[in-house]
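Scroll down for the structure; my scribbles are underneath it.
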Amino acid sequence: MADIDKTSRSPTEEKMDGNVEAMIDVLPLSTDDGGLPPPPMLSAEEEKRLWRKIDMRLVPVATLLYLVSYLDRGNIGNAKLQGLLTQLDLTGARYNIALTMYYLSYLLFNIPANLLLKKLRPSRWLPGLTLAWGIVATLMGLVKTYPQLVGARVCLGIAESGLSPGIYYLLSMWYPRHMLQWRIGLFWGGATFSGAFSGLVAYGISFMSGAGGLLGWSWIFIIEGLVTVVASLIAFAVFVDLPATASFLTPDERSFVINRLKADNSFVGEDEDFSFRHITEALTDWKIIVGSVSNMAITSPIYAAALFLPSIINGFGFNAAISQLLTVPSYVIATIIVAVCSIHSDRLKMRSPFVFGGILLTFIGLVINVSDAHVAVKYAGTYLIVIGSYEAAPMIITWLGNNTVGHYKRGIAIGMQVMVGNVGGLIASNAYRVQDAPRYLRGHIAEVALVAMGLVFVPITALVYWRGNVRRDVDQRRMEENGMKAEYSPLELKMMGEQAPGFRYTL
């Protein structure tokens with residue numbers, strides 16, 4: 001491969017393994033960076049300052065939006081204990097149907113919303129979605145009938161559908177592959193902490209029941225919905241688009257980031273023009289399919305906890321207010337674990353051990369709650385469910401993104417993964433029925449089966465990736481020994497994507 005100009009490489013890049021260069025020679029690539037200057041040479045400290053500058057502009061607002069997203073989709077589980085079931089006459093399967101309709105609408109609009117992100121400005125599209133569902137979430141506190149609740153949940157699902165895949169995709173367009181998990185871990189921490197925040201808020205709001213003629217469940221929706229509206233206004237003010245148009249960076253800084261991203265995929269090439277082949281490739285790519293199903297095995301217990309953990313703990317014999325409060329510690333610990341594991345995942349440049357470890361913890365916690373163990377042990381088991389599932393979820397999204405090449409294909413892959421993951425929400429919504437209280441054995445057993453599937457798929461995926469890397473290493477050594485060098489044009493490498501001989505899977 002033709003050498004990359006050393007003056008345009010950061011100290012981090014200098015440490016990258018250059019052995020692939022003996023195998024492939026890439027023909028010159030001409031790119032248009034919008035008239036940006038040549039990328040500057042930065043010291044290690046200067047590069048760190050630049051990434052911190054980007055982090056401060058992207059990560060806090062992404063975390064805030066994700067926090068309110070999970071708050072608004074899951075607070076119905078807290079509202080359930082504050083009079084929602086009785087006032088809206090949610091008898092039989094009505095409560096579960098209301099939950100299901102959210103996930104159905106979310107699924108239908110997931111991939112289209114992610115494709116629109118590339119066409120529209122993320123700095124307007126993502127805050128706009130947040131404002132829309134914040135208004136819906138607020139008005140949900142004023143519904144008077146079961147059909148109105150279902151209609152509000154459908155609108156909430158449509159409005160929220162573009163946020164999580166959109167932010168995952170946007171971050172992947174800003175950070176090199178092995179700098180990504182720490183940032184996604186921070187942003188995912190917002191979703192994790194929302195569980196603690198929701199429990200605390202619900203506990204406080206429980207004392208407002210009757211104020212203004214509204215029960216506690218109404219105030220949960222109204223107050224948390226208004227928080228989302230405020231968050232959307234903050235996002236409108238500070239959110240940014242892609243690196244090439246980031247006005248908060250200098251031209252030299254924009255040039256450096258763009259060059260850094262290109263260097264991260266210099267042995268492959270990123271296809272930036274949309275084609276319908278991106279859709280067909282994504283739909284038929286085994287790793288996207290398996291990664292999506294594995295994500296479903298992780299997200300289903302997440303949604304089960306978000307929607308039913310207060311009720312599950314209530315079934316242990318605690319009153320409604322204390323049950324809300326007892327959901328908080330597990331989410332606080334999970335937030336810390338997500339951050340710590342994300343740091344080590346990026347340092348090790350590995351994802352699968354962390355994904356597998358999280359799934360295993362979740363499996364153990366669910367099995368404990370299926371058993372006849374003491375209430376204290378079952379409560380400890382809920383910690384394992386929350387910690388394990390929330391730790392594994394951002395890892396598996398990053399893992400697939402690391403191993404998918406091409407802007408549009410990656411966007412579709414992440415959209416598919418999030419979409420299929422939300423099938424887990426559909427399953428959780430219907431597995432935990434009101435009539436199964438207080439033990440919810442039917443729901444726990446369904447989750448055990450799903451999580452067991454993840455315990456099988458994740459190691460198989462990692463093994464296939466490892467064998468693919470070994471095979472390419474062997475081919476590379478053979479060509480080196482024979483003094484051979486293959487030439488590929490940038491277009492050919494773009495068409496190959498992750499099948500390019502110089503690409504190595506992240507394990």
Side-chain angles (χ1 to χ4, degrees), residues 47-74 117 121-134 137 159-160 162-176 179-198 200-201 223-243 245-250 253-254 257 260-261 331-343 345-346 390-391 393-395 397-398 401 414 418:
E47 185 176 349
K48 285 181 181 178
R49 282 201 300 269
L50 173 57
W51 290 118
R52 280 198 296 267
K53 181 179 180 180
I54 294 170
D55 289 342
M56 292 305 296
R57 194 61 182 263
L58 276 174
V59 177
V61 67
T63 303
L64 175 64
L65 296 189
Y66 215 46
L67 186 153
V68 295
S69 169
Y70 265 75
L71 201 63
D72 290 329
R73 78 178 66 176
L117 181 70
R121 293 182 61 189
S123 62
R124 293 294 173 263
W125 173 244
L126 296 176
L129 291 176
T130 309
L131 177 61
W133 93 66
E160 283 198 32
L163 182 79
S164 55
I167 293 182
Y168 280 123
Y169 173 68
L170 182 64
L171 292 180
S172 74
M173 299 293 290
W174 270 92
Y175 295 101
M179 293 176 63
L180 186 59
Q181 179 56 50
W182 166 232
R183 278 78 184 181
I184 285 185
L186 287 175
F187 133 72
W188 177 257
T192 312
F193 188 70
S194 71
F197 186 71
S198 185
L200 284 172
V201 171
I223 292 175
E224 295 182 1
L226 289 174
V227 169
T228 299
V229 171
V230 173
S232 72
L233 299 179
I234 295 172
F236 273 118
V238 301
F239 221 19
V240 297
D241 296 315
L242 300 180
T245 59
S247 59
F248 75 99
L249 298 178
T250 67
E253 289 171 335
R254 294 201 297 270
V257 172
R260 183 74 173 83
L261 292 168
Y331 286 105
V332 173
I333 296 172
T335 303
I336 297 170
I337 295 294
V338 167
V340 171
C341 288
S342 295
I343 292 172
S345 177
D346 270 351
Y390 274 90
E391 184 273 336
M395 296 284 182
I397 298 285
T398 309
I414 293 173
V418 173

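One is the number of the first residue; the rest follow in order along the sequence. Everything numeric in this text was worked out from a predicted model, so none of it was measured.
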Approximate separation, where rounding is to 0.5 Å, of Y66 OH and L186 CG:
14.0 Å
Separation of W174 CH2 from R57 CZ (nearest 0.5 Å):
9.0 Å
Taking atom OG1 of T228 and atom CG of L67, what is their separation to the nearest 0.5 Å?
8.5 Å
Is the W188 ring parallel, tilted or perpendicular to the Y390 ring (thresholds 30°, 60°)?
tilted
Who passes ring-ring contact (aromatic ring centres under 6.0 Å, His included) against Y168, sequence neighbours left out?
F187
Looking at L261 and M173, what are the two nearest heavy atoms and their distance?
CD1-O, 3.1 Å
With sequence neighbours left out, write down each residue that passes side-chain hydrogen bond (donor to acceptor under 3.5 Å, both in side chains) with T63, or none if nothing qualifies.
none
Is any side-chain heavy atom of L50 closer than 4.5 Å to a side-chain heavy atom of L249?
yes
What closest approach, in Å, do I54 and V257 show between heavy atoms, and which atom pair accounts for it?
CD1-CG2, 3.7 Å
Minimal heavy-atom distance between L126 and G162, with the atoms involved, is CD2-O, 3.8 Å
Return yes if a side-chain donor-acceptor contact under 3.5 Å exists between R254 and T250, otherwise no.
no
Could you give the distance from CE (M395) to SG (C341), rounded to the nearest 0.5 Å?
5.0 Å
Considering only residues two or more places apart or on different chains, which pairs with a residue in residues 182-192 satisfy salt bridge (Lys or Arg N to Asp or Glu O under 4.0 Å)?
D55-R183
Close side-chain approach of E160 to D72, heavy-atom, < 4.5 Å:
yes
When rounded to the nearest 0.5 angstrom, what distance separates CG in L180 from OG1 in T398?
5.0 Å
Heavy-atom closest contact (D346 atom, W182 atom, distance):
OD2-N, 2.8 Å
Sorted by chain and residue number, the side-chain hydrogen bond (donor to acceptor under 3.5 Å, both in side chains) partners of W51 (sequence neighbours excluded) come out as E47
Applying side-chain hydrogen bond (donor to acceptor under 3.5 Å, both in side chains), name anything that partners T130, two or more places apart in sequence or on another chain.
none
Atom NZ of K53: over 12 foreign heavy atoms under 6.0 Å
yes
Result block: side-chain N/O donor-acceptor pairs under 3.5 angstrom for residues 231-243, not counting sequence neighbours:
from, atom 1, to, atom 2, distance (Å)
S232, OG, V229, O, 2.6
D241, OD1, S123, N, 2.9
D241, OD1, S123, OG, 2.9
D241, OD2, R121, NE, 3.1
D241, OD2, R121, NH2, 3.3
D241, OD2, S123, OG, 3.3

Can you tell me how far the CD1 atom of I167 sits from the OG atom of S69, to the nearest 0.5 Å?
8.0 Å
Scanning both residues in full, the closest heavy-atom pair of G185 with S342 reads CA-OG, 3.2 Å
